[in-house]
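Letters A, B, ... are given to chains in the order of the sequence lines, protein chains preceding strands, and every chain is numbered from 1.
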Amino acid sequence: MLAPTALLTGMGLVSGLGLAVAAKFFAVEVDPRQEQIADILPGANCGGCGLAGCSDFASAVVAGSISPADCPVADDETAQLIAEIMGVTVEAKDPQVAIVLCQGNIDIAAKKYRYNGLASCASASLLGGGDKGCGQGCLGLADCQRVCGFDAVEMTAEGIAKIIPERCTACGQCITACPKDIIKLIPANSEIHVLCSSHEKGAAAKKNCGTFCLGCKKCEKFYGEIPQIKIDSFLALVDYNNPPTNPEVAEVCPADAIVYLPKDKQTGRYV
Amino acid sequence: MNILLLVISAIFVNNFVLARFLGICPFLGVSKKLSTALGMTGAVMFVMTLASIASWLVYHLLLKPFDLVFLQTISFILIIASMVQLVELALQKLSPPLYRSLGIFLPLITTNCAVLGCAVLVVQNDYSLIQTTVFALAAAVGFGLSLVLFSGIREVLALADTPKSFRGTAIALVTAGILSLSFMGFAGLVK
């Protein structure tokens with residue numbers, strides 16, 4: 001009875017002591033703040049911050065090479081918490097969402113040719129910019145949906161991408177993935193949008209699509225002195241630093257390019 | 001000559017993974033990438049060799065003289081567990097990327113039947129200390145060989161257009177079977 005107990009205890013002690021010495025020798029010093037920050041980050045590892053993942057972001061914050069507010073997915077509260085851990089202050093940033101600036105679905109958009117290749121926007125756009133007549137139209141092959149880590153992109157039955165703002169975290173993955181460059185980040189509380197990206201002149205744009213901006217400047221004039229929508233080379237652009245508020249502008253647009261998407265003031269969701 | 005036979009036997013004929021069914025878990029688990037497989041091979045080689053030598057010493061210098069052979073399993077496991085812990089500590093310090101890519105399979109070496117199997121086989125076959133060292137090293141090389149071969153195939157396989165019903169674990173197991181089949185060609189080379 002005594003011998004086996006003594007033997008096992010002895011062996012346990014020897015290996016335990018050996019490991020204790022080894023642990024000292026191989027000790028890796030990790031800043032405890034790094035773990036704290038990694039714990040409160042969203043943990044989606046989306047790469048929206050430009051780093052390899054959330055733990056990389058945490059170590060970059062601790063190293064001071066990135067600001068706690070630079071995680072595009074985390075809300076303000078999280079950014080403040082991280083800032084508290086680091087003992088710095090960050091300015092609150094307005095929440096943003098992505099939006100697809102195109103409504104040229106298969107019913108209204110003309111096609112140049114029949115695309116029969118790989119079901120990917122990147123591949124389709126290599127062939128003369130894609131099958132859509134309009135050079136800035138959504139190709140509808142869901143590259144943005146596939147990269148979205150938050151299930152925030154919906155492909156409508158009419159074959160264009162639509163972002164679900166409640167789920168969008170503004171990580172920017174879809175913006176990088178879109179070969180047509182028609183997805184933009186906008187303030188989450190804005191309600192009036194020009195859902196067209198075509199810089200074509202009116203007649204040319206009309207040939208390709210049922211809803212388009214022809215650059216008629218009616219919206220620009222609607223707002224008078226300081227226009228909240230401005231025309232830039234035949235395309236109306238919403239000034240999101242000073243977002244338009246009067247929804248009647250949508251009715252002024254002769255080609256239905258301007259859309260009023262009202263949002264619930266409390267939840268920020270589309271009504 | 002005897003030693004050479006031992007080496008050939010442990011690497012090819014009685015390959016731990018492909019002929020003896022030992023150490024299948026890391027064989028399937030960390031064989032997706034060649035570099036990770038090489039790292040795992042290194043870790044297993046270290047643990048297997050040292051654990052076998054330590055087990056041999058404990059068995060012949062402590063267990064046998066004091067008539068405590070019934071403690072064989074628990075004392076071997078104790079030795080293996082502390083070896084693995086040591087490797088884990090060292091890897092975390094020396095190669096964090098490898099440590100991260102091995103993930104759960106590093107602590108799982110503790111319960112890797114190839115390691116314990118090696119320690120037990122050495123005692124069962126009544127090897128001398130030199131034979132033990134050579135056998136453990138050769139067994140680990142055999143384990144590494146199958147792991148590296150397999151991960152090379154899987155890397156190519158990842159790019160191939162595999163039928164949908166075969167994808168993932170299914171094709172990995174089928175591949176492992178075919179690889180084992182080819183190693184059966186060594187049977188009879190050494191008795």
Side-chain angles (χ1 to χ4, degrees), chain A residues 1-39 41 43-47 49-63 65 116-120 122-123 142 146, chain B residues 33 42-43 46-47 50-103 106-107 109-110 115-116 119 123 159 161 164:
Chain A
M1 189 60 202
L2 194 67
T5 321
L7 179 86
L8 279 184
T9 318
M11 277 177 63
L13 270 177
V14 170
S15 46
L17 279 175
L19 283 178
V21 173
K24 273 264 157 57
F25 188 70
F26 289 120
V28 182
E29 279 178 32
V30 180
D31 196 319
R33 291 177 300 179
Q34 193 174 323
E35 220 162 273
Q36 278 176 299
I37 293 172
D39 277 347
L41 281 171
N45 294 316
C46 65
C49 54
L51 297 169
C54 291
S55 66
D56 237 26
F57 180 82
S59 60
V61 170
V62 172
S65 58
N116 220 349
L118 197 67
S120 144
S123 143
R146 279 189 289 274
Chain B
K33 258 175 74 189
F46 178 84
V47 173
L50 285 191
S52 296
I53 294 172
S55 302
W56 189 92
L57 290 175
V58 165
Y59 185 84
H60 285 279
L61 300 182
L62 291 172
L63 297 182
K64 229 174 164 183
F66 293 104
D67 212 11
L68 296 171
V69 182
F70 61 90
L71 285 179
Q72 180 186 317
T73 309
I74 192 169
S75 51
F76 286 7
I77 288 178
L78 188 65
I79 293 167
I80 294 169
S82 25
M83 291 289 169
V84 172
Q85 191 69 62
L86 181 68
V87 173
E88 198 173 347
L89 286 169
L91 266 189
Q92 204 172 2
K93 173 84 174 180
L94 302 176
S95 175
L98 182 62
Y99 176 76
R100 254 178 283 154
S101 62
L102 287 177
L106 191 55
I109 304 180
T110 321
V115 179
L116 183 62
V123 170
L159 302 173
D161 188 15
K164 208 172 181 182

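- Distance check, rounded to the nearest 0.5 Å: CG of B:Leu71 to CG of A:Leu8 gives 5.0 Å.
- Interface remark: A:Leu7 contributes side-chain atoms only to the contact with chain B (heavy atom separation under 4.5 Å).
- The residue among B:Leu91, B:Leu78, B:Ile79 with the most heavy atom pairs within less than 4.5 Å of chain A is B:Leu78.
- Results of the side chain to side chain contact (heavy atoms under 4.5 Å, CB included) test with A:Phe26 over B:Glu88, B:Gln92, B:Lys93 single out B:Lys93 as the only residue that passes.
- A:Met11 CE to B:Leu63 CG: the interatomic distance, rounded to the nearest 0.5 Å, is 7.5 Å.
- The contact between B:Leu89 and chain A is made by backbone and side chain atoms together, counting heavy-atom distances below 4.5 Å.
- Comparing A:Gly12, A:Ala22, A:Pro4, A:Gly18 by heavy-atom pairs within less than 4.5 Å of chain B, the highest count is held by A:Pro4.
- With a 4.5 Å cut-off on non-hydrogen atoms, B:Leu86 touches chain A through its backbone and its side chain both.
- The environment of CZ in A:Phe25 is sparse: at most 12 heavy-atom neighbours from other residues, nucleotides or ligands sit within 6.0 Å.
- The 12-atom threshold is not exceeded at CD1 of B:Ile74, counting heavy atoms of other residues, nucleotides or ligands nearer than 6.0 Å.
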